[in-house]
Amino acid sequence: MEEGGKVLQMVGVAMAARGKCASRVVAGCIILLFLATTAHGDGTGRKPTPAEQEFYRSTQDALAAALPADVPEGWEITDQAESDELEVVGIETGTRPMEVTYYLQWTNVALQEQGEEKAADQISAITGSSPVSDEDVAEYERLAVKVAEAAAAGDIETVRVLRQQMAEQAAVFNKAFGEVDEKIVEINRAITAPDSHVAMYLFANRLSQSLEPGAVRTVVAGYPAFRAKGYYTPSGEWHEETTTVFMGKGWFATPGDAAYQVSVVAKAPHTSLQTVVAVIEADPRRTGSIVEMIDWPALQAALDQN
C-alpha cells in the first residue's frame, strides 16, 4: 500500500474511535437476518420464457399453499416471501433445474420485545460513554498527522517509530472495545428468549444442502431428514434447532454428512420439479406441531406430476 494510503487508513481508524464506539454497539446489538428470494438473477441475464414464468408462478404458489395458514395465538407473521412475477433469469438458466424459494417467519413479538427492552437498557448502561477517552483519540490523530508529515518529508525512520506508537495505541483501543463487545454478548445470551421465533423455508429444485456440524439423521413425515441442535451466535443470540427435510429421489450424503446432494434426472426439463428441501427453525418442543401443519402430501403431489 502507498504511504498516503496507509496514512489515510490510520486517520480513518482514529476517526472511528472518536465515534464513541457507535459501530461497535450496533455490531453487538440484536441483528435479524432475512433471506431474500432469488430467481436465478445475478445482475445480468435474460427475459424468462413463458414456460419459465409459469413454472416459477405455479411452484411458488404450491410452496406457499403447503405452509401453515394459521399462526399460533400470541404470534405474528413477521416476514414472508412475496408472490411476484419472474422478470429476469440468469444466463445459466436452462442448464440445471430451475430453483424457486418460499419462506415464512413467525415471531412472538411481545416476548421478543420484552427481551430486547431488557437488553437495550443494560447495553445503554455500558455504552453510555466511550471506553476510549477523547484525549487518547486526539493523541492518536496527532500521531497520524505527524506520520503524514514525516512521509511527505521522506523521513522513513520517523514514520516507522510513529507507526509503532500508533499500533500500540490501537491495541489499547481494540482491547477496550473488545471488552464492551464481550459484555454485550453476555447480556444477549442472558436475555435472549427461547421459542420466540420460527422460520420455515421451502426450496424447490435445490440440488445440494449443507448441514450443520453434528446434525443427526432422522425421518420427518416419512422423508429423510437431519436435525441440528440450537446454538448461540457470536453476538450472543439464540438460534433455534434446525430440521432439514429432503423430498424427491436420488438424495445422498457427502462424506461426514457435511451436505446432502441429489442426482439430477437426466434429460428432464429445467422447468420440472425434482426436489423440495424444507428447513424448519424452531424450538424442539414446537417443531412437531409445525411438521403436522405442513401439507406434505400436496408437496409430494407436485413432485409426482413431473
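Below, each value reflects all heavy atoms present in this structure, side chains not excepted, and no hydrogens, waters or symmetry copies.
Looking at heavy atoms from C-beta onward, H239 lies out of side-chain contact with Y232 at the 4.5 angstrom threshold. Side-chain contact between T271 and E54 is absent, with no heavy atoms from C-beta onward closer than 4.5 Å. Between I156 and R160 there is no side-chain heavy-atom pair separated by less than 4.5 Å. The closest side-chain heavy-atom distance from V220 to T244 is not below 4.5 Å. Between N108 and D195, the closest side-chain pair of non-hydrogen atoms is not below 4.5 Å. T242 is not listed as a side-chain neighbour of R227, based on a closest heavy-atom distance of 4.5 Å or more. Using a 4.5 Å cut-off on side-chain heavy atoms (C-beta onward), V71 and E76 make no contact. Under the 4.5 Å side-chain criterion, counting only non-hydrogen atoms from C-beta, Q209 is in contact with F246.
Every residue two or more places apart in sequence or in another chain was checked for a side chain to side chain donor-acceptor pair (under 3.5 Å) with K47, and none qualifies.
Under a cut-off of 6.0 angstrom, the local environment of CG in D304 is crowded, with over 12 non-hydrogen atoms contributed by other residues, nucleotides or ligands. Within a 6.0 Å sphere centred on CD of E87, heavy atoms belonging to other residues, nucleotides or ligands number 12 at most.
The two residues Y56 and E85 come nearest to each other via the heavy atoms CE2-C, 4.4 Å. In this structure, P234 and V185 approach most closely via the heavy-atom pair O-CG2, 3.4 Å. Residues N205 and H270 approach most closely at ND2-O, 4.2 Å, considering heavy atoms. Annotation for P97 and L207: closest pair CD-CD1, 3.9 Å, computed over non-hydrogen atoms. Considering every non-hydrogen atom in both P48 and V89, the closest pair reads CB-CG1, 3.8 Å. In terms of heavy-atom proximity, E52 sits nearest to T49 at OE1-N, 2.9 Å.
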Assess the residue pair T243 and E281 against the criterion (side-chain contact (heavy atoms from CB on, under 4.5 Å)); give the C-alpha distance rounded to whole Å, side-chain angles, the decisive distance to 0.1 Å, and a yes or no.
CA-CA 6 Å; T243 302; E281 297 175 0; over 6 Å; no
Would you sort out whether K183 and E186 count as a salt bridge (Lys or Arg N to Asp or Glu O under 4.0 Å), showing the intermediate values?
CA-CA 5 Å; K183 292 179 181 178; E186 291 175 0; over 6 Å; no
Applying side-chain contact (heavy atoms from CB on, under 4.5 Å) to Y140 and M166, what does each step give before you reach the verdict?
CA-CA 6 Å; Y140 190 92; M166 292 184 71; 3.5 Å; yes
Show your reasoning for whether side-chain contact (heavy atoms from CB on, under 4.5 Å) applies to L202 and T101.
CA-CA 6 Å; L202 293 178; T101 301; over 6 Å; no
Go through the steps to decide whether T287 and E240 satisfy the test side-chain contact (heavy atoms from CB on, under 4.5 Å), and finish with yes or no.
CA-CA 10 Å; T287 301; E240 297 288 7; over 6 Å; no
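A donor and an acceptor atom, one from each side chain of T107 and H197, are located under 3.5 Å apart. Side chains of Q169 and Q165: no donor on one and acceptor on the other come within 3.5 Å. Between the side chains of S58 and D61, no donor N or O sits under 3.5 Å from an acceptor N or O. Between the side chains of Y201 and Q105, at least one donor N or O lies within less than 3.5 Å of an accepting N or O. W75 and E73 form no side-chain donor-acceptor contact under 3.5 Å, judged by distance and modelled atom types alone.
For Y102 and F203, the gap between ring centers reaches or exceeds 6.0 Å.
Here the straight-line distance linking atom CD of E141 with atom CG of D136 works out to 11.5 Å at 0.5 Å rounding. The CH2 atom of W106 lies 14.0 Å from the CG atom of D79; values are rounded to the nearest 0.5 Å. Atom CZ of R206 and atom CD of E99 lie 4.5 Å apart (nearest 0.5 Å). Remark: M247 CE to L303 CG distance equals 5.5 Å, nearest 0.5 Å. Atom-to-atom distance recorded for D155:CG and K146:NZ is 12.5 Å, nearest 0.5 angstrom. Here the OG1-CD distance, from T275 to Q261, works out to 12.0 Å after rounding to the nearest 0.5 Å.
Although no hydrogens or angles enter the test, the distance criterion places no donor-acceptor pair under 3.5 Å between the side chain of T59 and the main chain of V100.
Side-chain heavy atoms closer than 4.5 Å link hydrophobic residues (I, L, V, M, F, W, Y) into clusters, and following such links, even through other members, never connects V172 to V137. Residues L67 and M293 are members of one and the same hydrophobic cluster, defined by side-chain heavy-atom contacts under 4.5 angstrom among Ile, Leu, Val, Met, Phe, Trp and Tyr. Residues V291 and L299 share a single hydrophobic cluster, defined by chaining ILVMFWY side chains whose heavy atoms lie under 4.5 Å apart. Hydrophobic clustering of Ile, Leu, Val, Met, Phe, Trp and Tyr side chains at less than 4.5 Å, counting indirect connections, unites V198 with W296. Tracing side-chain contacts under 4.5 Å through hydrophobic residues (I, L, V, M, F, W, Y), one reaches I77 starting from L63; they form part of the same cluster.
Evaluation of the side-chain hydrogen bond (donor to acceptor under 3.5 Å, both in side chains) test over residues 213-226, restricted to residues two or more places apart or in two chains, returns R217-D257, Y223-Q300.
With salt bridges taken as basic N to acidic carboxylate O contacts below 4.0 Å, one links K175 and E179.
Ring planes of Y260 and F226: perpendicular class, angle over 60° (limits at 30 and 60°).
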